[in-house]
Amino acid sequence: MHPFPETDLSPWRDNWLEQSWRRSEQAGLAQQQAPEHVRLDQQQLSERQFHAQGLIRVVEQWALPLFNQMLAGSNSRLLLTDQEGVIIGAWGQSRFEQRLTSIALESGVCWQESLKGTNAIGTALADQRVVSVIGDQHFIRQHRFISCSAGPVFGPTGALLGVLDITSEQQVHSEQVRMLIQTMVQQVENALLCQIPNGKFRVDIACDSALFDSGWQGIVIADAGGRILAKNAVATRLLAQAKCAGEQLEALLARPQTGASAMMLPAGELVLNCQPLETSGHEPTPRSRVYSPSCPLHYGDDQIEQAWQQACKLINKDISLLILGETGVGKGEFVKQLHRHSQRHAGPLVAVNCGALPQELIESELFGYAPGAFTGASKQGYHGKVRQADGGILFLDEIADMPLAAQCRLLHVLQEKEVVPIGSNQAQQVDIQIIAATHKNLEQLVAEGLFRQDLYYRLNGLILTLPALRERQDRADLIAAIHRQHRHQAQEICPHLMQLLSTYAWPGNIRELDNVLRVATLLSDHAAQLTLAHLPQHIATPLVQQSQPRTAQASGTGKDLRTTLSDTLLETYRANKGNISKTARMLGISRNTLYRKLRKLGVRST
Ligand SMILES: Nc1ncnc2c1ncn2[C@@H]1O[C@H](COP(=O)(O)OP(=O)(O)OP(=O)(O)O)[C@@H](O)[C@H]1O
């Protein structure tokens with residue numbers, strides 16, 4: 001018999017479950033009716049994944065191995081949502097993935113309780129604690145073939161970052177899964193804690209030193225001066241329980257060790273262990289350097305980090321910013337992040353692409369117009385983008401394409417903080433921060449009389465230049481991160497393809513890379529490794545051809561050019577499974593030349 005009759009609530013003894021079912025009913029859901037899906041499109045999902053890339057990385061490093069160890073062979077999936085319950089990461093059995101697709105338990109779909117009824121993700125979000133929802137406990141009947149355990153993940157400042165969930169077939173799920181989720185959440189939160197900016201020392205606190213590597217110890221992070229920056233919940237509890245531990249902690253941090261060695265102190269029934277953060281062994285160890293969560297735009301590129309630091313210092317100071325950089329380097333993305341971090345984050349971010357608007361419409365689009373200002377104008381008039389951005393940020397992309405007349409009006413807005421709509425003589429006050437961007441050389445345009453010099457000086461309060469993708473120090477990490485956004489399961493990029501992608505010139509920068517990886521992962525049909533053979537021909541050929549001399553220079557492994565080229569030839573041949581025509585096309589050589597080279601390398605081609 002069904003333990004939770006569809007209309008009778010009386011048999012319920014479990015308070016949290018009863019409350020969750022009540023909330024589901026109050027949200028207008030019906031047990032027998034499949035709920036509607038709130039699903040993001042691919043672009044929106046990529047944006048969310050991009051903003052949560054630090055969290056995704058930590059989950060892959062600290063939670064995924066545990067999941068693989070315990071549940072990889074079973075019909076289970078590890079899911080990560082953002083703080084709104086939208087699934088932004090999914091790992092595990094692909095055969096089970098297809099069954100979950102029938103209920104839309106997949107990337108991009110929102111699983112808040114008010115949309116999906118009682119379920120581990122939504123209910124963990126609502127109750128802000130670890131929750132297991134087993135089979136029939138799901139509010140929606142269609143969901144009762146699964147069981148899930150989920151726990152909220154909090155960042156070092158206590159902000160809710162998302163939810164980690166394990167969903168299994170009902171008979172696979174056990175109480176241990178709930179423990180597993182708890183352990184994973186703990187590990188992920190500890191790893192995030194260790195990445196806190198300016199963290200220099202880490203003090204582990206436990207009742208037994210054997211617990212120091214367990215993930216269940218208390219952790220306190222302090223800066224170079226011994227000031228406590230953050231601590232995890234276990235540390236808070238232990239320090240509250242043992243008063244002398246707090247004093248010992250203070251004493252320890254008053255003279256923290258700067259060397260590699262740890263310093264251990266007994267504190268009543270507790271033991272404290274202080275060590276420099278860099279050598280703790282608990283930090284994620286990305287290939288380049290520790291990712292700074294203060295700037296979600298890069299994985300260790302000095303130029304972007306410097307631009308970000310400078311922009312953050314000025315963004316709240318009413319100084320215009322001008323962002324330069326080739327097309328597709330991420331200027332728009334930079335502005336989005338800046339808006340989020342600025343004091344104007346509650347206000348709008350209004351972006352205008354001056355190059356995309358017809359020249360004759362730019363002025364009315366930007367500055368608005370009075371009712372009936374010109375033939376064809378709306379009777380109500382139009383507010384214009386400048387006034388829409390009031391209280392927020394106006395991002396003028398491709399500013400170099402702005403016609404001179406509009407430049408004159410814009411200068412007035414910048415100087416007087418007011419806008420006069422077309423056909424009106426009434427100035428409207430506005431409070432906006434302007435950020436402009438271009439990939440053109442504005443100084444040259446000024447010299448040619450195509451851009452107003454006074455406006456140029458007004459816009460360039462701070463000029464920031466974002467590097468081209470080929471110049472970035474964190475290319476490999478960025479490529480891996482973008483690939484993670486597009487892949488459907490734990491797929492890796494094979495080393496040869498990674499080398500080609502990292503050394504290619506990328507004229508279209510991140511936009512081009514993003515498109516290539518999106519298409520390649522779709523073409524790869526869930527293969528365990530993404531290889532050259534999965535790339536469309538039109539990109540694989542230039543990739544192989546252009547990268548050859550660079551590959552040799554950049555490899556720095558002591559191999560000479562000839563050896564590296566031979567490697568590329570052989571790997572391309574293998575990636576194409578011995579297909580001579582395809583390999584020759586990719587390498588840009590004739591079939592005969594390819595046969596000859598293969599023979600020289602001792603390969604017997606068919
Ligand atoms: N750091 C990043 N990680 C992942 N994707 C990124 C990153 N930066 C930018 N992108 C993606 O690259 C694409 C181009 O970014 P964006 O539009 O910000 O570039 P842009 O420099 O403003 O281009 P344009 O000059 O042509 O306007 C977008 O799809 C964006 O989501």
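First listed ligand is number 1; within each ligand, the first listed atom is number 1.
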For atom 16 (P) of ligand 1, the option (of Ala351, Gly328, Gly508, Gly330) bearing the nearest heavy atom = Gly330

key: Polar atom proximity, Asp514 to ligand 1 (N or O, under 3.5 Å)   = no

ask   = Taking atom types as modelled, is there a side-chain donor on His51 or Gln337 under 3.5 Å from an acceptor on the other?
value = yes

task = Would you mind listing which atoms of ligand 1 come within a distance below 4.0 Å of any non-hydrogen atom of Glu333?
result = 8 (N), 9 (C), 18 (O), 30 (C), 31 (O)

request  = Give the contacting part of Val329 toward ligand 1: side chain, backbone, both or neither, where contact means a heavy-atom distance below 4.0 Å.
outcome  = both

query = Is the closest basic N to carboxylate O distance between Asp477 and Arg472 below 4.0 Å?
reply = no

key: Thr101-Glu97 side chain donor-acceptor pair, cut-off 3.5 Å   = no

query = Does a salt bridge link Arg458 with Asp454, judged by any charged N lying under 4.0 Å from a carboxylate O?
reply = no

Residue part near ligand 1, for Asn353, under 4.0 Å between non-hydrogen atoms = neither

query = Looking only at distance, does Lys331 have an N or O less than 3.5 Å from an N or O of ligand 1?
reply = yes

Leu297: numbered ligand 1 atoms lying under 4.0 Å from its heavy atoms = 1 (N)

ask   = Applying a 4.0 Å heavy-atom criterion (strictly less than), which segment of Ile482 is in contact with ligand 1: side chain, backbone, both, or neither?
value = side chain

key: Pairwise distance CD(Glu471) to CG(Leu466) - rounded to 0.5 angstrom   = 10.5 Å

request  = Heavy-atom distances under 4.0 Å are what count here, so tell me which part of Asn509 touches ligand 1: side chain, backbone, both or neither.
outcome  = neither

note = A student comparing Thr438, Leu466, Ile510 should find that the heavy atom closest to atom 11 (C) of ligand 1 comes from Ile510

key: Test of proximity, Gly332 against ligand 1: N or O pairs below 3.5 Å   = yes

request  = Check whether any side-chain N or O of Asn509 sits under 3.5 Å from a backbone N or O of Leu469 as a donor-acceptor pair, and report yes or no.
outcome  = yes

inquiry  = With no hydrogens and no angle check, just 3.5 Å: does a side-chain donor-acceptor pair link Gln491 and Thr521?
reply    = no

message = For Glu363 and Tyr369, which I'm curious about, is there any donor-acceptor pair between the side chains at under 3.5 Å?
response = no

key: Option of least heavy-atom distance to atom 24 (P) of ligand 1 (set: Arg518, His298, Glu512, Arg511)   = Arg511

